[in-house]
Visitor: 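Input: one structure, supplied below.
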Amino acid sequence: MSQITLTFPDGATRAVEAGTTAGMVAESISKSLAKKAISAQVNGAHYDLAWPIEHDATIAINTMQDEAPALELIRHDLAHVMARAVQEIWPDVKVTIGPVRDFGWFYDFDRAEPFTPEDLGAIEQRMKQIIAAREPVRTEVWSRADARAYYEAAGEPFKVELIDRIPGDEPIRMYWHGEWQDLCRGPHLANTGQIPADAFKLTCVSAAYWLGDSTRPQLQRIYGIAFRNRDDLKAHLKFLEEAEARDHRRLGREMDLFHMQEEAPGQVFWHPNGWTIYTTLQDFMRRKQRADGYVEVNTPQVVDRKLWEASGHWDKYQDHMFIVEVDEEHAREKAVNALKPMNCPCHVQVYNSGLKSYRDLPLRMAEFGSCSRYEPSGALHGIMRVRGFTQDDAHIFCTEDQIEAECARFINFLASVYRDLGFERFDIAFATRPEKRVGSDESWDHVEGALEAAIKSTGNPYRVEEGDGAFYGPKLDFYLTDAIGRVWQCGTFQVDPNLPERLGATYVGEDGEKHRPYMLHRACLGSFERFIGILIENSAGRLPFWLAPRQVVVASIVSDADEYVGEVVETLRRMGVRAEADTRNEKINFKVREHSVAKVPVILAIGRQEVENRTVTLRRLGEKATRVLSLDEASEEIGAEATPPDQH
RNA sequence: GCUGCUGUAGCUCAGAGGUAGAGCACUCCCUUGGUAAGGGAGAGGUCGAGAGUUCAAUUCUCUCCAGCAGCACCA
């Protein structure tokens with residue numbers, strides 16, 4: 001037996017026999033560590049305590065204190081425990097795969113009938129019994145042929161397919177949780193009893209395609225969530241509740257922002273309150289873009305298919321377009337149009353009308369472009385994913401040499417927009433050339449280099465997503481993180497030499513010859529609909545004052561105050577504040593409650609004292625305290641707050 | 001689009017083979033009340049749409065539409 005050297009986190013080393021396991025190492029250090037150990041990091045890789053270590057390595061023993069590996073193992077073992085529970089209850093159910101995911105895991109089963117919510121209770125019970133049994137988890141490495149034969153005999157076709165998909169150089173690991181067997185890459189806990197039995201919950205069932213492929217069979221998926229202890233589980237359940245309370249569909253109704261109805265699925269009926277947010281946001285974007293050197297255009301909704309054929313979209317996306325056929329009386333053939341699903345081809349038409357010189361570049365052409373896409377019914381989600389929406393779209397026509405500067409300029413612009421909207425942080429994903437692509441490697445080198453240099457010049461961190469770019473050019477995606485930690489992709493920046501080519505865009509260069517411009521697609525918000533949904537959920541309906549649809553309610557306490565209430569409202573309105581009177585025959589308690597529920601940020605109460613002293617009593621949403629201010633002081637304070645951030 | 005679930009008053013929901021109920025909201029009356037629901041009365045529904053079974057369907061069956069969750073999709 002050969003000797004290998006293990007190096008511990010503190011730098012200490014130890015010589016052991018090759019084939020020693022992390023479990024044996026823990027045992028040799030101390031009894032208590034052996035008891036607490038759950039897995040190990042061996043050369044940075046997550047190792048099962050039972051896997052042999054064959055070469056010199058660094059090693060660190062994990063315990064439940066090590067959050068990432070602990071959660072990984074707990075969730076992963078629960079996936080297996082759940083699959084075992086399911087097969088114990090329904091022996092004819094076929095197992096497939098059960099990976100760890102955010103907050104928990106899922107496992108896909110092949111079974112004719114879907115699982116019911118009642119089934120989940122039964123499965124959970126059985127899982128607790130399995131955990132309580134504290135049965136050992138055992139692992140063996142098998143030959144591919146043996147494993148294949150084993151699963152063929154067991155009638156588990158999905159496992160056979162999985163084995164065939166495991167790359168040739170990877171070991172085939174067979175695991176046993178007690179008597180129950182599964183194919184798994186591991187690692188796992190040493191016994192089922194190490195799983196905290198009170199910190200998991202099965203959450204829902206659904207269908208999912210085998211291997212995520214919609215042409216393959218549908219399986220029944222069960223989701224679970226799991227944590228290291230009951231408190232963490234409780235905290236997560238609370239988070240889910242919080243997310244539900246922030247749901248923009250619910251707040252949209254409660255705040256009377258918009259509604260949707262059957263006759264126009266996936267399209268928004270904006271109510272006065274919601275439309276106020278929309279137009280305020282749009283006005284803000286218009287000012288920002290104007291200040292950053294954009295020109296604004298507007299282009300048609302109904303466009304002949306010929307243009308979509310020329311742009312290449314007809315081929316690829318016609319199933320997702322709203323088609324408008326028109327029978328013209330003397331026409332030889334029916335005119336087939338599509339509602340525009342995007343603005344780019346139209347912008348090229350604007351660009352193409354009239355000769356462009358290199359002196360005109362870069363040309364930043366913006367449109368609040370209303371688009372229609374026939375999204376699959378299952379994709380629709382409130383105002384976040386709709387069939388009719390308006391993008392804060394713009395295309396920058398420029399030369400190859402201008403790409404870097406334009407990219408940097410855009411990142412700074414976007415950062416400024418996000419900051420004004422209350423998002424201090426955003427993340428950049430840089431998507432590079434895919435395998436299937438057009439254009440020379442030199443050109444890709446140059447454009448990718450330009451984008452990367454641009455990001456670096458702005459000082460923002462970024463991550464690279466290799467091969468995720470479009471077939472014609474690389475792109476940047478910008479992600480926002482909201483108040484409860486959810487991540488939303490909003491902004492985008494995409495380099496496109498393809499569409500100018502297809503649609504024949506040119507400019508006259510210094511040399512007097514025609515050249516092909518690049519087209520940079522870019523958006524900050526994405527769509528107004530979706531972004532407003534995000535703003536609502538991010539703020540839980542308590543929008544920043546300048547965006548709040550109803551900013552101030554001036555509420556009378558006694559009817560003798562009505563006249564002065566009107567005067568206060570008028571004063572505020574003259575300062576551009578969205579103020580309204582509430583002189584209804586209701587008690588102040590009732591009014592405060594109602595406007596608080598409706599998320600009105602400021603309530604001014606007016607009773608006899610205020611009328612007498614020409615003051616107002618100001619109460620802010622979420623605060624119990626009130627302040628008495630003179631009308632002048634109050635209107636100055638509120639007026640300043642109502643000013644959009646770009647106008648301070 | 002796929003799988004499952006759901007669709008009853010503006011909202012949240014109960015209900016049953018014999019054409020419907022609650023709370024809140026709404027209207028009116030009383031009350032003029034000092035910071036998160038004062039009291040009373042009234043009005044309001046083709047029970048998502050269509051077809052079938054039945055003496056009788058909102059209730060059972062089928063088809064469609066829409067919504068919800070997940071999957072797939074997102075130029």
Side-chain angles (χ1 to χ4, degrees), chain A residues 106 108 111-117 203-223 244 247 249-250 253-254 256 259-266 308 311-321 340-345 371 373-382 384-387 389 391 393 470-472 475 489 492 494 496 498-499 521 526-527 530 553 555-562 583-598 603-610 617-628:
Chain A
F106 63 78
D108 289 345
R111 179 185 193 236
E113 326 78 60
F115 296 98
T116 66
T203 52
C204 69
V205 292
S206 82
Y209 299 106
W210 169 235
L211 302 174
D213 182 341
S214 58
T215 64
R216 304 296 303 270
Q218 270 204 345
L219 306 168
Q220 302 301 328
R221 176 172 295 180
I222 304 178
Y223 288 90
E244 199 188 322
D247 190 310
R249 293 166 297 187
R250 175 172 163 174
R253 192 175 53 242
E254 288 173 0
D256 194 18
H259 85 271
M260 308 181 84
Q261 65 186 51
E262 262 191 51
E263 288 79 359
W308 307 115
S311 70
H313 293 103
W314 186 263
D315 237 17
K316 227 176 147 183
Y317 294 110
Q318 63 169 296
D319 287 349
H320 297 283
M321 290 193 209
K340 78 171 164 187
M342 57 186 341
N343 308 297
C344 345
C371 297
R373 294 181 186 174
Y374 189 74
E375 301 285 7
S377 56
L380 303 178
H381 180 82
M384 297 276 210
R385 185 83 182 270
V386 285
R387 288 180 175 162
F389 56 94
Q391 297 175 318
D393 202 6
F471 71 90
Y472 48 74
K475 64 170 180 174
Q489 194 248 309
T492 185
Q494 195 164 332
D496 179 8
N498 182 57
L499 202 58
H521 308 256
S527 86
R530 181 162 175 275
V553 170
S556 61
I557 297 171
V558 292
S559 50
D560 286 349
D562 289 2
T583 54
R584 290 174 305 168
N585 176 14
E586 295 291 352
K587 293 199 160 138
I588 191 66
N589 296 34
F590 180 89
K591 294 182 183 181
V592 166
R593 176 183 149 79
E594 193 179 85
H595 302 307
S596 299
V597 167
I603 298 172
L604 300 180
I606 310 289
R608 283 189 220 286
Q609 290 164 34
E610 288 77 8
T617 298
L618 184 150
R619 177 187 168 124
R620 284 182 184 277
L621 181 59
E623 292 175 15
K624 248 192 127 52
T626 59
R627 282 188 297 149
V628 180

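Letters A, B, ... mirror the listed sequences (proteins, then strands); counts begin at 1. Not measured: the values here are computed from a predicted model.
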Visitor: Does E263(A) reach a base, just sugar-phosphate, or nothing at all? Heavy atoms under 4.0 Å.
Guide: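 Nothing, no nucleic acid heavy atom in range.
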Visitor: For the NE2 atom of H313(A) and the NZ atom of K340(A), what is their distance to the nearest 0.5 Å?
Guide: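 Answer for the NE2-NZ pair, H313(A) versus K340(A), is 13.0 Å.
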Visitor: Both distances under 3.5 Å, Watson-Crick or G-U wobble: report the partner of U32(B), or none.
Guide: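 None - no nucleotide pairs with U32(B), as no candidate has both distances under 3.5 Å.
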Visitor: Using a distance-only criterion (donor-acceptor N/O pair, under 3.5 Å, no hydrogens), is the base of A72(B) paired with the side chain of R216(A)?
Guide: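 No pair found.
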Visitor: Between G18(B) and A25(B), how far apart are the two C1' atoms, rounded to whole Å?
Guide: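 After rounding to an integer number of Å, I get 32 Å for this pair.
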Visitor: I'd like the P distance from G44(B) over to C28(B), given in whole Å.
Guide: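 Going atom to atom, P in each nucleotide, I get 16 Å.
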Visitor: Assess whether one donor atom and one acceptor atom, taken from the side chain of Q261(A) and the base of G67(B), lie less than 3.5 Å apart.
Guide: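 Checked by distance alone, the answer is no.
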Visitor: Contact class for E610(A) vs. all strands (heavy atom < 4.0 Å): base, sugar-phosphate, or nothing?
Guide: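 If one applies the 4.0 Å heavy-atom cut-off, E610(A) turns out to touch a base.
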Visitor: With a 4.0 Å cutoff (strictly under), does any side-chain N or O of Y223(A) reach OP1 or OP2 of C71(B)?
Guide: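 True: Y223(A) side-chain N/O within range (under 4.0 Å) of C71(B) OP1/OP2.
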Visitor: Looking only at atom P, what distance separates A16(B) and U53(B), rounded to whole Å?
Guide: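 Roughly 26 Å separates the two P atoms.
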Visitor: Touch check for G212(A), heavy atoms < 4.0 angstrom, all strands: base, sugar-phosphate only, or nothing?
Guide: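 Counting heavy atoms under 4.0 Å across all strands, the contact made by G212(A) is with sugar-phosphate only.
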Visitor: How far, in whole Å, is U46(B) from G50(B) if one measures between their P atoms?
Guide: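 Looking at atom P only, G50(B) and U46(B) are 12 Å apart.
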Visitor: At under 4.0 Å, does any side-chain N or O of H381(A) touch on OP1 or OP2 of A69(B)?
Guide: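 True: H381(A) side-chain N/O within range (under 4.0 Å) of A69(B) OP1/OP2.
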Visitor: Which nucleotide, in any strand shown, forms a Watson-Crick or G-U wobble pair with A43(B), with both distances under 3.5 Å?
Guide: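 Pair assignment: A43(B) / none.
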Visitor: For a quick test of reading the model: is some side-chain N or O of R253(A) closer than 4.0 Å to OP1 or OP2 of A25(B)?
Guide: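 No, no such contact exists.
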Visitor: If pairing requires Watson-Crick or G-U wobble contacts with both distances under 3.5 Å, which nucleotide is the partner of G1(B)?
Guide: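 Pairing partner, where one exists within any strand: C71(B).
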Visitor: Does a distance-only test, which skips hydrogens and angles, find a donor-acceptor pair under 3.5 Å between the side chain of T617(A) and the base of G34(B)?
Guide: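 Indeed there is one.
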Visitor: Could you check whether the side chain of T626(A) and the base of U35(B) have a donor-acceptor pair of N or O atoms closer than 3.5 Å, going by distance alone?
Guide: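 Under the 3.5 Å cut-off, the side chain and the base do not form any donor-acceptor pair.
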Visitor: Indicate, with a heavy-atom threshold strictly under 4.0 Å, whether R249(A) touches base, sugar-phosphate, or nothing.
Guide: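 Sugar-phosphate contact only - R249(A) comes under 4.0 Å of backbone atoms but never of a base.
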Visitor: Classify the nucleic acid contact of S556(A) as base, sugar-phosphate or nothing, counting any heavy atom under 4.0 Å across all strands shown.
Guide: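 No contact.
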Visitor: Give a yes/no answer on whether the side chain of R608(A) brings an N or O atom under 4.0 Å of OP1 or OP2 in U32(B).
Guide: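 No, no such contact exists.
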Visitor: For F115(A) and for G266(A), find the nucleotide of RNA chain B with the closest heavy atom, then tell me which residue's nucleotide is more 5'.
Guide: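 It is F115(A) whose nearest nucleotide is closer to the 5' end.
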Visitor: How far does the C1' atom of A14(B) sit from the matching atom of C2(B), given to the nearest Å?
Guide: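 So the two C1' atoms sit 33 Å from each other.
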Visitor: Base of C2(B), side chain of Q218(A) - is there a donor-acceptor contact under 3.5 Å?
Guide: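 Under the 3.5 Å cut-off, the side chain and the base do form a donor-acceptor pair.
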Visitor: Side chain of Q609(A) only, please: which of A66(B), G34(B), U32(B) is the nearest?
Guide: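 It is G34(B).
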Visitor: With a cut-off of less than 4.0 Å, is there a side-chain N or O of S206(A) near OP1 or OP2 of C71(B)?
Guide: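 Checking S206(A) against C71(B): no side-chain N or O falls below 4.0 Å of OP1 or OP2.
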Visitor: Within the 4.0 Å heavy-atom criterion, would you say P114(A) contacts the bases, only the backbone, or no part of the nucleic acid?
Guide: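 Sugar-phosphate, no base atom in range.
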Visitor: Base, sugar-phosphate alone, or nothing: which one does V205(A) contact when heavy atoms must sit under 4.0 Å apart?
Guide: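 Touches nothing.
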Visitor: Looking for any heavy atom pair under 4.0 Å, which part of the strands does A208(A) touch: base, sugar-phosphate only, or nothing?
Guide: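 The answer is sugar-phosphate, as A208(A) gets under 4.0 Å only of primed atoms, P, OP1 or OP2.
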Visitor: Does any N or O donor sit under 3.5 Å from an N or O acceptor when you compare the side chain of R385(A) with the base of C74(B)?
Guide: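 Yes, a donor-acceptor pair under 3.5 Å.
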Visitor: Look at the side chain of Y209(A) against the base of G1(B) and say whether a donor-acceptor pair falls under 3.5 Å; ignore hydrogens and angles.
Guide: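 Donor-acceptor pair under 3.5 Å: yes.
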Visitor: Let me spell it out: for each of S214(A) and C204(A), pick the nucleotide of RNA chain B with the closest heavy atom. Which residue's pick is nearer the 5' end?
Guide: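 Looking at the nearest nucleotide for each, C204(A) comes out on the 5' side.
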Visitor: Counting side-chain heavy atoms from CB outward, which of A66(B), U3(B), A36(B) is closest to A207(A)?
Guide: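 The answer is U3(B).
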Visitor: With the side chain of R221(A) defined as its heavy atoms from C-beta on, choose the nearest nucleotide among A37(B), A75(B), C71(B).
Guide: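 Among A37(B), A75(B), C71(B), the one nearest the side chain of R221(A) is C71(B).
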Visitor: First locate atom CD1 of I603(A), then atom CD of E623(A), and finally report the distance between them rounded to the nearest 0.5 Å.
Guide: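 Between I603(A) CD1 and E623(A) CD, I get 11.5 Å after rounding to 0.5 Å.
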Visitor: Provide the Watson-Crick or G-U wobble partner of C24(B), both distances under 3.5 Å; none if there is no partner.
Guide: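 Per the H-bond distance test, G10(B).
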Visitor: Using atom P of each nucleotide, how far apart are U59(B) and A9(B) to the nearest Å?
Guide: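 It comes out at 15 Å once rounded to the nearest Å.
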Visitor: Whom does U61(B) pair with, Watson-Crick or G-U wobble, provided both distances fall under 3.5 Å?
Guide: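 The base-pairing partner of U61(B), which may sit in any strand shown, is A51(B).
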Visitor: Searching all strands shown, indicate the nucleotide that pairs with U19(B) (Watson-Crick or G-U wobble; both distances under 3.5 Å).
Guide: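 Per the H-bond distance test, none.
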Visitor: Say you pick atom P in A20(B) and the same atom in A57(B); how far apart are they, in whole Å?
Guide: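 About 14 Å, rounded to a whole number of Å.
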Visitor: Rounded to whole angstrom, note down the P distance from C60(B) over to A43(B).
Guide: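 Roughly 31 Å separates the two P atoms.
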Visitor: Within the structure, does a side-chain N or O atom of K624(A) lie under 4.0 Å from either OP1 or OP2 of A36(B)?
Guide: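 Yes, within the criterion.
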